[in-house]
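Structure first, commentary second.
Convention: sequence-line order gives letters A, B, ...; per-chain numbering from 1.
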2 protein chains.
Amino acid sequence: MLDYPLLSALAAVIRTGSFERAAQQLHVTPSAVSQRVKLLEERLGSVLVVRGQPCTGTAAGLRLCQHVERVALLESDLRDTLPGLPPADAPLILRIAVNADSLATWFIAAMTGMPGCLFDLVLDDQDHSAEWLRQGEVVAAVTASAAPVPGCSSHPLGALRYRATASPDYMRRHFPRGVDEESLSRAPCLTFNRKDRLQAQWLATVSRKAPVPPTHWLPASQAFVDGALAGLGWGMNPDLLVAGHLAAGRLVELVPGRPLDVPLFWQQSRISGSVLADLTRAVLRAGRDVLHQPSAPQGGRDG
Amino acid sequence: MLDYPLLSALAAVIRTGSFERAAQQLHVTPSAVSQRVKLLEERLGSVLVVRGQPCTGTAAGLRLCQHVERVALLESDLRDTLPGLPPADAPLILRIAVNADSLATWFIAAMTGMPGCLFDLVLDDQDHSAEWLRQGEVVAAVTASAAPVPGCSSHPLGALRYRATASPDYMRRHFPRGVDEESLSRAPCLTFNRKDRLQAQWLATVSRKAPVPPTHWLPASQAFVDGALAGLGWGMNPDLLVAGHLAAGRLVELVPGRPLDVPLFWQQSRISGSVLADLTRAVLRAGRDVLHQPSAPQGGRDG
DNA sequence: CGCCCGATTAAGCAAAGCTGAACCATGCTG
DNA sequence: CAGCATGGTTCAGCTTTGCTTAATCGGGCG
């Protein structure tokens, strides 16, 4: 059995980024933390923490940190089935990959269903999410692609509804005679990142020639909405983010009543049982409340 | 983080069944073990070990022991990816449910593919195997039924070939005029346990009236063969166990060339990664070498 | 150039936790 | 039924771990 007091110190340092904060998290002096980490490094014969602002883990250090978190997950399971255990010294941290639009719209609601847990969210840029799950770097992920990760269970969440939106002013400037293929190929649009195919997908549903308009790159959900509001271009925005603007007339749909539904999936690693089960339940519940259940074409914006 | 030195002591006691053996496994005196367990019990406010010959765990004690083993599994994974770690103080124990006939024929070979591991085999009497897997009491199981356990991955292993066998003497006594429905319904057969449907299954393939012969109950694989050799009755025996006897004429088939193939499945819980992956690889390899790959009707002898 | 923040080292001390020996319960044997 | 062996527990004493406090180092910034 490994020396867990030592490992906890290491994990706390990497987690908090400093020996001092780690010390106060563990209720000891920074000196003690330093000694623990040093001892661990000496025993293993390799550096585990790169000292700096903030302190960060080496490859070996990160791997050990990951192990500590896995054990913590098992412990939290144990606590659920066995009352009377001493309370966890550090709150449970769930590292989860989320796509940006989910985070911007409904995922916060799901997080409120897990009181007592801390979340370490990772925006799954350029499809690293599957890799992260595979490597065990995250414990679960919500992705717009159904890419199945071995060793994980996948639950459909429902679809996030997107609307092609722009400001009324923008519409007047670029579509004075209505939306047609000609104007669509000239009017600038917004694109989240290189992986974002949403605009192209929507264009394919309204035009058979699939025009390729000039585009801005705006890799943030709210910035995407703001860009549309400012008249920079049109873009596919989550209904949930723009419904108010649409109702108030600050934004309009390029083609009214032509949304695009992107199915989302919850992928959950199977290291541990009941905590993740609770989490999955909370996420599915939150998703059910907000996402559209009928199925739709797949493949979405992952960054 | 829980107190793992204390937990190790508890696990060692339950594992070895005695404070003394636990002590020598942990390289301390029995006194120390006693104190550790006592401290743990005081802290949790409940008895964890029922003292006796052998010492055994209470419900809470077993649950804690299970947790320790899970952590050990995670640690063994860690060791695989991170060289330089101190060697495990206790060898890794894999608790696995196996059906009796697999254990009697091919499973030992699979175990040799995992040097450095210890096995704690559980004969999955009366279909408890699924429940054990579900509860996490075993980490994997080989079963004759394809019953899918949630949270586990199931791999087909191939089929165990059974032959309806009896001694030549027995044949002369009970089937003097050959095997027919009349004689089949009178000749005593062997049955492994109440769950064993193999004899009935085979009878259904050779007779449309499915006779119900009188039966002995013999809940052990080798005893089953011995019973047939002794002329107690006929029974479905694994080809692998009786091939020699058949070749030497000590046993004969009731109906030559009419075997029964029972497909086997390897079910593996997904607590942990690489150790179980190795195990699965070893088991599948051993199975492939010995079991019949073409598919066959399912449902076998589980006890 | 010197100050400040944060990590490290050194010294001393408290206590956790071990050993060894005595003690007790249980079950087996003469 | 006494006597004894086995195995768990208790107690006293000591070792050692690992903490704190305080001094030291080193790098970034005014």
Side-chain angles (χ1 to χ4, degrees), chain A residues 1-58 60-62 64-65 68 71 85-87 89-90, chain B residues 1-58 60-62 64-65 68 71 85-87 89-90:
Chain A
M1 201 105 294
L2 298 175
D3 193 327
Y4 284 92
L6 262 46
L7 288 174
S8 311
L10 172 70
V13 168
I14 295 182
R15 206 94 308 283
T16 65
S18 108
F19 283 67
E20 205 161 33
R21 281 188 293 272
Q24 76 189 66
Q25 193 174 73
L26 300 175
H27 306 114
V28 293
T29 57
S31 170
V33 175
S34 175
Q35 290 172 51
R36 285 202 208 170
V37 172
K38 184 154 198 277
L39 187 55
L40 199 55
E41 290 183 322
E42 278 169 2
R43 284 192 189 163
L44 295 184
S46 61
V47 182
L48 300 174
V49 173
V50 293
R51 277 68 169 174
Q53 306 301 354
C55 288
T56 160
T58 64
L62 289 172
L64 286 171
C65 189
V68 170
V71 171
L85 256 60
D89 35 19
Chain B
M1 202 107 290
L2 298 174
D3 194 327
Y4 284 92
L6 261 47
L7 289 174
S8 311
L10 171 71
V13 168
I14 296 182
R15 207 87 313 272
T16 64
S18 110
F19 283 65
E20 207 162 30
R21 282 187 293 273
Q24 76 190 66
Q25 193 173 73
L26 298 174
H27 307 113
V28 293
T29 58
S31 170
V33 175
S34 175
Q35 291 172 52
R36 284 201 210 172
V37 172
K38 182 153 198 270
L39 186 56
L40 199 53
E41 290 182 322
E42 279 170 2
R43 285 194 189 161
L44 295 183
S46 60
V47 182
L48 300 174
V49 173
V50 293
R51 276 69 170 174
Q53 307 301 352
C55 288
T56 159
T58 64
L62 288 172
L64 286 171
C65 189
V68 169
V71 171
L85 255 60
D89 35 20

* So which heavy atom on A/V47 is nearest to which on A/V49, and how close? ->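 In this case the closest contact between A/V47 and A/V49 is CG1-O, 3.3 Å.
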* For B/D3 against B/R43, the heavy-atom pair lying closest together ->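 Shortest heavy-atom separation between B/D3 and B/R43 comes out as OD2-NH1, 3.4 Å.
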Would you list the atom pairs, donor with acceptor, under 3.5 Å between side chains in residues 20-30 of chain A and any protein atom, with sequence neighbours excluded?
unit_1, atom_1, unit_2, atom_2, d
A/R21, NE, A/T16, O, 3.0
A/R21, NH2, A/T16, O, 3.1
A/T29, OG1, A/A32, N, 3.4

Looking at side-chain heavy atoms only, is the closest gap between [X] and [Y] below 4.5 Å?
X: A/L44; Y: A/L64; result: yes
X: A/L2; Y: A/L7; result: yes
X: A/V37; Y: A/F19; result: yes

* **Outermost DNA chain C nucleotides near chain B [under 4.0 Å, heavy atoms]** =>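 The protein-touched segment is C/dC18 to C/dG20.
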Using the 3.5 Å cut-off, write out each protein N or O paired with an N or O of nucleotides 16-19 of chain D and the distance between them.
unit_1, atom_1, unit_2, atom_2, d
D/dC19, OP1, A/R36, NE, 3.1
D/dC19, OP1, A/R36, NH2, 3.1

* Between A/E41 and A/S46, is there a donor-acceptor pair closer than 3.5 Å when you use the side chain of the first and the backbone of the second? ->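 Side chain of A/E41 to backbone of A/S46, a donor-acceptor pair under 3.5 Å: no, none is there.
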* A/R36 side chain to A/L10 backbone, donor-acceptor under 3.5 Å ->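 Looks like no, no N/O pair under 3.5 Å.
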* Quickly work out the B/E41 CD to D/dG8 P distance and round it to whole Å. =>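 Taking atom P of D/dG8 as the reference, CD of B/E41 is at 13 Å.
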